[in-house]
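Please read the structure below before turning to the comments.
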Amino acid sequence: MENFLSMHESELGFECFSNFTPAEVFVQGCAGFTNQHDIEHIIRAQKQMLQRFEKTNEMLVNCNTLSQIHLQKANVEFKKHAQLLNEVKKDLENIFKRIKVIKAKAAAQYPHQFEDAMSKIQTPIEEEDEKAKDG
């Protein structure tokens, strides 16, 4: 059988391909069908695309680096602002507690005047709330 294959290969002129794999033989066979000028044109186009992709990749790497730097700065600022807001919240809670204590003292010391003052203050606020709900 081996004798038959070797005779068959020698009859068809495939002796020069005996050291190649079938895939390599196929590629060599296809190479004869292509125009060398077209191949060179394709290779040039691929090199240009490679250069463009490398430039694009470099620009994206630079953009990513800048974005990371800005994100780190933004995180630091965000933490500072969050801390400031927490401090403001604590200060406001303290102020409202003090106001509550002052109101309680005023109500205890001057009950009639405090009631009159609260009714005068509450009425405009309630009217504004009702207008806001209706509007």
Side-chain angles (χ1 to χ4, degrees):
M1 184 78 166
E2 289 178 21
N3 208 4
F4 173 73
L5 289 176
S6 63
M7 285 176 30
H8 185 66
E9 288 174 357
S10 63
E11 289 174 6
L12 294 175
F14 291 133
E15 294 171 348
C16 62
F17 295 121
S18 62
N19 293 334
F20 296 108
T21 65
E24 291 172 332
V25 172
F26 176 76
V27 169
Q28 289 296 326
C30 289
F33 297 127
T34 58
N35 184 352
Q36 188 63 30
H37 183 269
D38 291 342
I39 299 292
E40 291 171 3
H41 182 71
I42 291 170
I43 291 173
R44 261 184 275 139
Q46 287 178 341
K47 285 181 181 179
Q48 288 174 350
M49 283 188 272
L50 176 64
Q51 289 174 347
R52 287 182 185 169
F53 289 142
E54 286 174 345
K55 287 180 183 177
T56 303
N57 190 34
E58 184 178 342
M59 290 176 10
L60 288 172
V61 167
N62 289 337
C63 180
N64 192 22
T65 303
L66 288 172
S67 296
Q68 286 177 341
I69 291 169
H70 287 292
L71 178 63
Q72 288 173 351
K73 289 179 182 178
N75 280 337
V76 169
E77 288 184 29
F78 179 78
K79 287 177 183 177
K80 286 180 184 177
H81 290 296
Q83 184 179 5
L84 179 64
L85 286 174
N86 285 332
E87 290 174 9
V88 168
K89 180 183 174 191
K90 288 177 186 176
D91 290 344
L92 286 173
E93 288 172 351
N94 188 13
I95 290 169
F96 284 122
K97 284 179 186 177
R98 287 181 182 181
I99 291 173
K100 201 176 207 183
V101 168
I102 291 172
K103 280 184 177 181
K105 284 182 182 180
Q109 288 179 353
Y110 309 102
H112 299 293
Q113 293 87 352
F114 183 78
E115 255 183 64
D116 290 339
M118 289 305 289
S119 64
K120 290 178 184 176
I121 293 173
Q122 291 292 334
T123 306
I125 294 174
E126 290 172 359
E127 289 173 3
E128 287 178 13
D129 287 343
E130 289 176 12
K131 288 179 184 177
K133 289 178 185 177
D134 293 338

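We count residues from 1, following the sequence as given.
Checking Glu54, Arg52, Gln48 one by one against Leu50, the side-chain contact (heavy atoms from CB on, under 4.5 Å) holds for a single residue, Glu54.
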* Hey, mind stepping through Val101 and Lys97 against side chain to side chain contact (heavy atoms under 4.5 Å, CB included) and telling me if it holds? -> CA-CA 6 Å; Val101 168; Lys97 284 179 186 177; 5.6 Å; no
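Contact of the Asn57 side chain with the Val61 side chain is registered, since non-hydrogen atoms from C-beta on lie closer than 4.5 Å. Here the side chains of Lys73 and Ile69 are in contact, with some heavy-atom distance below 4.5 Å.
Rounding to the nearest 0.5 Å gives a distance of 11.5 Å between NE2 of His37 and CD1 of Ile39. Between Leu85 atom CG and Lys90 atom NZ the span is 12.0 Å, to the nearest 0.5 Å. Separating the CZ atom in Phe114 from the NZ atom in Lys105 is a distance of 13.5 Å, to the nearest 0.5 Å. Separation of atoms CD (Glu77) and CD (Gln72) is listed at 12.5 Å; rounding is to 0.5 Å. With values rounded to the nearest 0.5 angstrom, Asn86 atom CG is found 8.0 Å from Gln83 atom CD. Here the straight-line distance linking atom SG of Cys63 with atom CD of Gln68 works out to 10.5 Å at 0.5 Å rounding.
Atom CD of Glu93 has more than 12 heavy atoms from other residues, nucleotides or ligands within 6.0 Å.
Cluster annotation: Val88 is connected to Phe96 through the hydrophobic network of ILVMFWY side chains, with a link wherever side-chain heavy atoms come within less than 4.5 Å.
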